[in-house]
Amino acid sequence: MNIQTAPAEAIEEPPSAAPRQSESNQETMFECARPEMTLVPTSVQWNNWRWQMRKRIRSVAELAAIYKWDAIPGDVYEAASRFPLAITPYYASLAQRLDRSDPIFAMSVPQGLELVDPVFLREDPLEEECDMPVPGLVHRYPDRALLITTSICAMYCRHCTRKRVTGQRESVISAAQLRQAIIYLQKHPEIRDVIVSGGDPLTFSTKALEKILSAIRSVPSVDIIRIGTRTPVTLPMRITDNLVAMLRRYHPLWINTHFNHPQELTPLAAEACARLADAGIPLGNQTVLLRGINDDPRVIETLCRGLIRNRVRPYYLFQCDLVRGVEHFRTPLARGIEIMEYLRGRLSGLAIPTFVVDAPHGGGKIPVLPQYVLSSSPNHTVLRNFEGTLISYPEPQANAEPLETVPIDPACGPTVADLACGRRDKIQPAGTARQGRRARQVVRAASA
Ligand SMILES: *Cc1c(COP(=O)(O)O)cnc(C)c1O
Ligand code: SF4
């Protein structure tokens with residue numbers, strides 16, 4: 001897509017990319033106490049989101065100065081020129097180590113690995129450009145549409161699925177394009193859920209964002225508005241009282257954010273989420289599964305527990321898309337399934353996201369689960385739970401057909417076939433913690 005910039009008519013001027021001369025980054029932002037790698041904010045402006053946007057780190061040279069990073073590989077420069085670089089001082093300050101073992105570093109700092117380019121990777125693997133009836137509006141599913149409102153983000157994630165859009169040319173939707181999108185929504189009353197996306201729509205000024213929200217709200221057939229934003233993670237000071245007071249005028253409004261690692265769940269991020277939740281905005285989270293960053297069941301567990309403590313519901317866990325420049329972040333699908341296997345039963349259902357693959361060729365989101373249905377016959381379905389207990393679930397009598405009368409083979413022991421024909425109820429692993437609790441409960445009941 002080509003988001004045209006039409007300054008006279010644009011919703012808002014994009015922020016200027018370069019920091020002002022008088023505000024040299026390395027002098028005013030941090031004291032960097034290496035080797036411990038603690039970046040101490042020094043500016044009184046730290047909590048001002050506009051200052052954070054203005055002072056985004058935009059070049060490898062700036063980054064090197066801030067991190068006091070002296071040996072920069074040449075391919076880092078190349079990666080940064082191919083895919084734009086921007087990091088808010090706030091997000092940069094969360095790094096604890098200067099290498100890929102640090103999740104903050106790995107998600108924000110350009111790496112030569114982005115230049116690895118297998119043939120199956122695409123600029124636009126989800127084929128969003130093919131599902132755009134008007135520029136910027138992706139209409140893929142029957143009842144919802146996604147509006148790309150800006151190519152600007154506070155931080156350009158190295159794993160971004162819209163690398164073809166984000167930051168390539170910092171621009172915002174024009175008033176004319178917004179009008180076209182609204183006309184399309186008016187003509188398609190089946191669209192009941194509009195996702196305001198980008199880039200990051202919370203990089204707009206509150207006033208400019210309100211223009212977009214009120215335009216969408218003027219369409220009576222739209223039930224809910226969703227905003228996709230990573231600012232609670234990369235620019236939490238953006239969630240001001242003023243913003244929240246505006247947002248709550250457009251209810252029902254939902255926000256999905258994008259935490260990938262527990263290290264991002266800082267007190268400031270928690271405060272941002274609390275402000276939104278207090279305004280009655282239901283919060284969801286979309287995590288991208290990233291190799292070496294969060295492809296560990298325990299990291300996802302900690303993240304999901306942290307999210308629900310902050311009233312953020314884990315919504316999706318995404319398989320990393322087949323987009324150019326992200327090959328080094330991809331994990332096998334099996335890893336996602338393994339993580340889901342680990343979470344189910346161990347975590348509150350509220351803390352468990354749906355693992356989805358956003359399919360290549362514009363196939364849309366496809367949930368992928370471990371196998372819980374193991375076998376079936378017309379009268380019984382064999383299920384298994386997280387512990388490995390196999391359960392024979394009887395189907396309604398109306399469908400029942402005569403049970404087979406194959407004799408039990410004592411030499412064989414219980415088999416899944418016994419469950420499928422309903423001859424047994426369950427097959428259970430021995431010695432689980434739950435069985436221990438149950439056994440103690442029976443003893444207590446007997447002695448009471
Ligand atoms: C992800 C997405 C949506 C929203 O899908 P949900 O499953 O409802 O969250 C809508 N449109 C497009 C184009 C999308 O990529
Ligand atoms: S905030 Fe979202 S849209 Fe922006 S770079 Fe990160 S993943 Fe991409």
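Each ligand, and each atom within it, is numbered from 1 in the order the structure gives. The model shown is predicted, which means the values in this text are computed figures rather than measured ones.
Close contacts of ligand 2 with His258, meaning ligand atoms under 4.0 Å from a residue heavy atom, involve 7 (S).
Centroid-to-centroid, the aromatic rings of Phe105 and Trp69 come within less than 6.0 Å.
In this view, Arg100 satisfies the salt bridge (Lys or Arg N to Asp or Glu O under 4.0 Å) rule with no residue, not counting sequence neighbours. Taking the side-chain contact (heavy atoms from CB on, under 4.5 Å) definition, one finds that Pro133 meets it with His139, Tyr184, sequence neighbours left out.
One side chain, Glu210 or Tyr250, offers a donor N or O that lies under 3.5 Å from an acceptor on the other. For Arg162 and Ser197, the side-chain atoms include at least one donor-acceptor pair closer than 3.5 Å. Judged purely by distance below 3.5 Å, without hydrogens or angles, the side chains of Arg238 and Thr206 pair a donor atom with an acceptor atom. Using a 3.5 Å distance cut-off with no hydrogens or angles, the side chains of Thr257 and Asn285 do not pair a donor with an acceptor.
Protein residues having at least one heavy atom under 4.0 Å from any atom of ligand 1 are Val138, Tyr141, Arg144, Leu146, Ile195, Arg226, Tyr315, Tyr316, Lys365, listed by chain and number.
At a cut-off of 2.8 Å, measuring from atom 8 (Fe) of ligand 2, the protein N, O or S atoms that fall short of it are Cys160 SG, waters left aside.
Judged by distance alone, with hydrogens and angles left aside, the side-chain atoms of Asp102 form no donor-acceptor pair with the main-chain N or O of Leu98 at under 3.5 Å.
Partner of Phe355 under the side chain to side chain contact (heavy atoms under 4.5 Å, CB included) criterion, out of Leu333, Leu369, Ile300, Ile339: Leu333 alone.
Nearest heavy-atom pair, Thr231 versus Ile239, reported as atom, atom and distance to 0.1 Å: OG1-CD1, 3.9 Å.
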